[in-house]
Number of protein chains: 4
Amino acid sequence: MGGTMDGTKQQRRGNTRQRIQDVALELFAEQGYEKTSLREIAERLEVTKAALYYHFKTKEEIIVSLFDDLTKPIEELIEWGRSQPHTLETKQDIVRRYSDALAGAEPLFRFMQENQATVRELRIGDTFKDRMRGLRDILIDPEAELVDQVRSVSAMFTLHAGMFVLQDIEGDAEKKREAVLEVALDLVTQAHEHTRQRARFRE
Amino acid sequence: MGGTMDGTKQQRRGNTRQRIQDVALELFAEQGYEKTSLREIAERLEVTKAALYYHFKTKEEIIVSLFDDLTKPIEELIEWGRSQPHTLETKQDIVRRYSDALAGAEPLFRFMQENQATVRELRIGDTFKDRMRGLRDILIDPEAELVDQVRSVSAMFTLHAGMFVLQDIEGDAEKKREAVLEVALDLVTQAHEHTRQRARFRE
Amino acid sequence: MGGTMDGTKQQRRGNTRQRIQDVALELFAEQGYEKTSLREIAERLEVTKAALYYHFKTKEEIIVSLFDDLTKPIEELIEWGRSQPHTLETKQDIVRRYSDALAGAEPLFRFMQENQATVRELRIGDTFKDRMRGLRDILIDPEAELVDQVRSVSAMFTLHAGMFVLQDIEGDAEKKREAVLEVALDLVTQAHEHTRQRARFRE
Amino acid sequence: MGGTMDGTKQQRRGNTRQRIQDVALELFAEQGYEKTSLREIAERLEVTKAALYYHFKTKEEIIVSLFDDLTKPIEELIEWGRSQPHTLETKQDIVRRYSDALAGAEPLFRFMQENQATVRELRIGDTFKDRMRGLRDILIDPEAELVDQVRSVSAMFTLHAGMFVLQDIEGDAEKKREAVLEVALDLVTQAHEHTRQRARFRE
DNA sequence: TATGAATGAGGATTCATTCAT
DNA sequence: CATGAATGAATCCTCATTCAT
């Protein structure tokens, strides 16, 4: 396994925490949070359950740590977004970068999508909701009509859904991502322009 | 509860099955499937767990029965849709009716949306996926460009998401539903027209 | 089913008790007493569990009734045996008739063989043990040597075992029964003669 | 227990698995497999049920482990028997050693004898049947008459039965075992000689 | 004769978690 | 850094039994 001479056991040194996170995320995404037991994670790693507890105080802490680690880009994105003017360009930028961020932490986001009920009870729930709200507030003009607000939200959701629902549509993965992004950008643009026109009209 | 004078116990006769379904759906939607125990359902109904088992062979059968009952309108909708010509009107009709159907079984759909990981393992999972595919095949022109395919899928997803995500946007519920519907119709229409134009262009 | 015109339902009239016994015995013999639930019996008969309770007060009563009904010939055999002189002929007769009795209630005896632990706890347990002792006392001369006592017991046990253990030896069922009987008779005869000789020797 | 001064709790360390097996076997033999609950075993040991599950994955695994451990001598016996010539001496040896083996694992064999219905469903069932067949094939000459085949089988069964049925015959346990053994040897010898004679006669 | 509805007790099993070593 | 052994609470589910109708 690999060309180097490190035995599997040696390799393991010092990165157990990482390996736990990896395996946990994989299983959480695959089977859901509740259906994944610590026993299962431990077995996959050929460690004891107790070892997990050396690295994480609780099961919840594992998912929280994953969330914190993998979600940082999005936090920064929002931070950045907030400081920008609410122009169309900013919004499009946000959408583009958000798309990238999602792609970079796909399994986590699949997990969050498919385990919303669970996530809501977890400590991450609120944090995540806050972020979603943060994004929304950047994309949405407060004075926009309801339809346009929906458009913006829909854009975000299209990105989310795009990752998973499109799996059973034929076509190259990269192409699909681009198509999804295009639709999302479109929605955001429509919302923006429409609101702009209404504003001009009122003057 | 109700204006009549019947005691609670008498009322109970003969509709226990129903009451189980009601309470179960409520709890499933609220806390998720795994986190809702049969004990909890039973307690809420002031019956024993064993009573639940008189009416349903397994926990899964409860959710399956709910799914079967509440989902029938959608099945019929698809049936109907399949027999129609693939015109824009048909598609718009489908979207409108689907929106109605979703509204009529909101808690179930919230449940399914928020417990996708669980649903996937349950017997309903496949059935539901089939239905989604059924809808998709009606809304999507096979020769449409990828972007337009995404638009159609996005329409469906906007309807789904609309029900839940919009909860924390201010505004009258009915108005929000209309806005969501409008966006969905818009997406479908855009997809249809665009595809049509491309076709004409080719000739 | 059968040449007569009686529908299945009519047939059923009035002999439900019998049918319960039949099905119960079949299932008890096949799966054991504890592993056979009343639900199973009821389902096989297409009746409700409650119906069983109309005919039998408890689950145990079902097996007791079977035991009482099917075991009567053996009781009578013992009764008869007790009144006979302890000659070799009597003993051989007992063995022969016991063999017949066993064959006539095979499933019950298979059940008792294979569920001794259960039977011991049931009310039948003691009754059965008494009968076995009754038989033994007829076959065994109190003054016989231990080996000869064992021979007699072994004869009985050979008959029991013969019914079931020989199932996976090739050969015609009837022939096997005869062979088993022969060995049992042999054992009893050896025991008898040997004891007789010792007695004569002592005089 | 033992002359040392160790407290009960200390003693417990490291041999829990053993103690579970001991108690389980005791209870299984006494009350049967199904009627013995894990709760009961756990209580007797003053541990929690969960502790049992630390040592054995299922209830069945407990009995399987007992079977595997206690039954090894018999497996070896059969192994040995197969490599020997089919002489009378071999057969007698087998019977003698089998008698010893049975005595060494009496409770297990009582359990198996009294819970045949259960054992049949367990994973041990087939293994045990195979062993019995193995023994049989060593003791029985294929060309023997049916009666003689029965004699051999009866010998084995006499040994089995001897252990338990004789419990309520008066007399010293050791003496009884010898008597049983003698009868079993006798049966095997009779079968062997009789078959031999028939063979000589045919020439 | 039977059923529909329900109960109470108990079953095996699984889980997250703890802690002395 | 990690394990071995154990716990307590909970889970789904099954069973024999009851009783009003």
Side-chain angles (χ1 to χ4, degrees), chain A residues 12-17 20 33-42 45-62, chain B residues 9 12-17 20 34-42 45-62, chain C residues 12-17 20 33-42 45-62, chain D residues 9 12-17 20 34-42 45-62:
Chain A
R12 211 163 272 177
R13 274 283 140 71
N15 61 343
T16 305
R17 195 189 140 93
I20 293 174
Y33 179 76
E34 345 258 355
K35 302 251 280 194
T36 302
S37 69
L38 295 186
R39 177 178 54 66
E40 212 174 345
I41 298 177
L45 289 166
E46 299 182 271
V47 219
T48 49
K49 266 181 294 170
L52 305 186
Y53 277 90
Y54 177 79
H55 294 281
F56 299 93
K57 270 210 286 289
T58 66
K59 186 185 181 186
E60 185 168 353
E61 207 181 75
I62 300 180
Chain B
K9 284 264 157 87
R12 205 163 277 176
R13 274 285 135 64
N15 62 342
T16 306
R17 197 190 140 93
I20 294 173
E34 346 255 356
K35 301 254 279 195
T36 302
S37 70
L38 295 187
R39 179 180 54 66
E40 211 174 348
I41 298 176
L45 290 166
E46 299 184 275
V47 225
T48 49
K49 266 180 290 165
L52 305 187
Y53 278 94
Y54 176 75
H55 294 282
F56 298 94
K57 271 207 282 288
T58 65
K59 186 184 180 185
E60 184 169 352
E61 213 189 88
I62 300 181
Chain C
R12 212 164 268 178
R13 274 282 142 68
N15 60 344
T16 305
R17 198 189 138 94
I20 294 173
Y33 179 76
E34 345 255 356
K35 302 250 281 193
T36 302
S37 69
L38 295 188
R39 178 177 55 66
E40 213 175 344
I41 298 176
L45 290 166
E46 298 182 275
V47 223
T48 49
K49 268 182 289 170
L52 306 186
Y53 277 89
Y54 177 79
H55 294 282
F56 299 93
K57 271 211 284 287
T58 66
K59 185 184 182 186
E60 185 168 354
E61 207 181 76
I62 300 180
Chain D
K9 284 265 158 87
R12 208 164 275 177
R13 274 285 136 64
N15 62 342
T16 306
R17 196 190 140 95
I20 294 173
E34 345 256 357
K35 302 253 280 195
T36 303
S37 69
L38 295 188
R39 180 182 51 69
E40 212 174 347
I41 298 176
L45 290 166
E46 299 184 275
V47 227
T48 49
K49 267 179 291 166
L52 305 187
Y53 277 92
Y54 176 77
H55 293 282
F56 299 93
K57 268 206 284 289
T58 64
K59 186 184 180 186
E60 184 168 353
E61 212 189 89
I62 300 181

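Reminder, nothing fancy here: chain letters follow the sequence lines and each chain counts from 1.
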Undergrad: Can you list everything that forms a salt bridge (charged side-chain N to carboxylate O under 4.0 Å, His left out) with B/E60? Sequence neighbours excluded, please.
TA: B/R123
Undergrad: How long is the line joining CD1 of C/I62 and P of F/dC15, in whole Å?
TA: 14 Å
Undergrad: Rounded off to whole Å, could you give me the NZ-to-P distance for the D/K59 and E/dT14 pair?
TA: 15 Å
Undergrad: For B/E61, give me all partners under side-chain hydrogen bond (donor to acceptor under 3.5 Å, both in side chains), at least two apart in sequence or on another chain.
TA: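 Not a single residue meets the side-chain hydrogen bond (donor to acceptor under 3.5 Å, both in side chains) criterion with B/E61.
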Undergrad: What is the distance, rounded to the nearest whole Å, between atom NZ of A/K35 and atom P of E/dA16?
TA: 13 Å
Undergrad: Tell me, please, whether C/Y33 has C/K59 positioned over its six-membered ring: NZ or CZ under 6.0 Å from the ring centre and within 45 degrees of its axis?
TA: yes
Undergrad: So if I take every side-chain heavy atom of C/V47 and compare against E/dA2, E/dA12, F/dC13, which nucleotide ends up nearest?
TA: E/dA2
Undergrad: Could you check how far CG of D/L38 sits from P of F/dT11, rounded to whole Å?
TA: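 Computing the D/L38:CG to F/dT11:P distance gives 20 Å.
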Undergrad: Could you tell me how far apart C/L45 (CG) and E/dA2 (P) are, to the nearest whole angstrom?
TA: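 In whole Å, E/dA2 P and C/L45 CG are 11 Å from each other.
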Undergrad: What is the distance from atom CD1 of C/I20 to atom OH of C/Y54, rounded to the nearest 0.5 Å?
TA: 11.0 Å
Undergrad: Among residues 48-57 of chain A, which residues get a heavy atom nearer than 4.0 Å to DNA chain F?
TA: A/T48, A/K49, A/A50, A/A51, A/Y54, A/H55
Undergrad: Looking only at atom P, what distance separates E/dT1 and F/dT21, rounded to whole Å?
TA: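 One P to the other, the span is 22 Å.
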Undergrad: Using the salt bridge (charged side-chain N to carboxylate O under 4.0 Å, His left out) criterion, which residues pair with D/R17? Sequence neighbours excluded.
TA: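 Salt bridge (charged side-chain N to carboxylate O under 4.0 Å, His left out) list for D/R17, sorted by chain: empty.
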Undergrad: Can you measure D/E46 atom CD to F/dA5 atom C1' for me and round it to whole angstrom units?
TA: 17 Å
Undergrad: Considering heavy-atom distances to DNA chain F, does B/E34 or C/T58 have its closest nucleotide positioned more toward the 5' end?
TA: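 The residue closer to the strand's 5' end, by nearest nucleotide, is B/E34.
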Undergrad: Can you tell me the distance, in whole Å, between the CD atom of D/E60 and the C1' atom of E/dG11?
TA: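 Rounded to the whole Å, the gap is 16 Å.
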Undergrad: Looking at D/T16, does any N or O in its side chain come under 4.0 Å of the phosphate oxygens OP1/OP2 on F/dA6?
TA: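 Affirmative; the distance criterion is met.
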Undergrad: So, taking the atom named CG in A/L38 and the one named OH in A/Y53, what distance separates them when rounded to the nearest 0.5 Å?
TA: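 Rounded to the nearest 0.5 Å, the CG-OH separation comes to 4.5 Å.
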Undergrad: How many angstroms lie between CD1 in A/I62 and CD1 in A/I41, if you round to the nearest 0.5 Å?
TA: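 It is 5.0 Å, given to the nearest 0.5 Å.
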Undergrad: Indicate the atoms forming the closest heavy-atom contact of D/T48 with D/A42, along with that distance.
TA: C-CB, 3.8 Å
Undergrad: Kindly point out which of E/dA16, F/dA16, F/dC12 is positioned nearest to the side chain of A/S37?
TA: E/dA16
Undergrad: Would you kindly compare A/T36 and D/E40 by the position of their nearest DNA chain E nucleotide and give the one closer to the 5′ end?
TA: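 So the residue in question is D/E40.
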Undergrad: The helix from E/dA2-F/dT21 to E/dT21-F/dA2: angle between its terminal axes, five pairs each, to 10°?
TA: 20°
Undergrad: Quick one: is E/dG11 close enough that its OP1 or OP2 comes under 4.0 Å of any side-chain N or O from D/R39?
TA: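 Yes, because at least one side-chain N or O of D/R39 sits under 4.0 Å from OP1 or OP2 of E/dG11.
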Undergrad: Please identify each residue that fulfils salt bridge (charged side-chain N to carboxylate O under 4.0 Å, His left out) with B/K57, with sequence neighbours left out.
TA: none
Undergrad: What is the distance from CD1 of C/I41 to C1' of F/dA16, rounded to the nearest Å?
TA: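 My rounded result for the distance is 11 Å.
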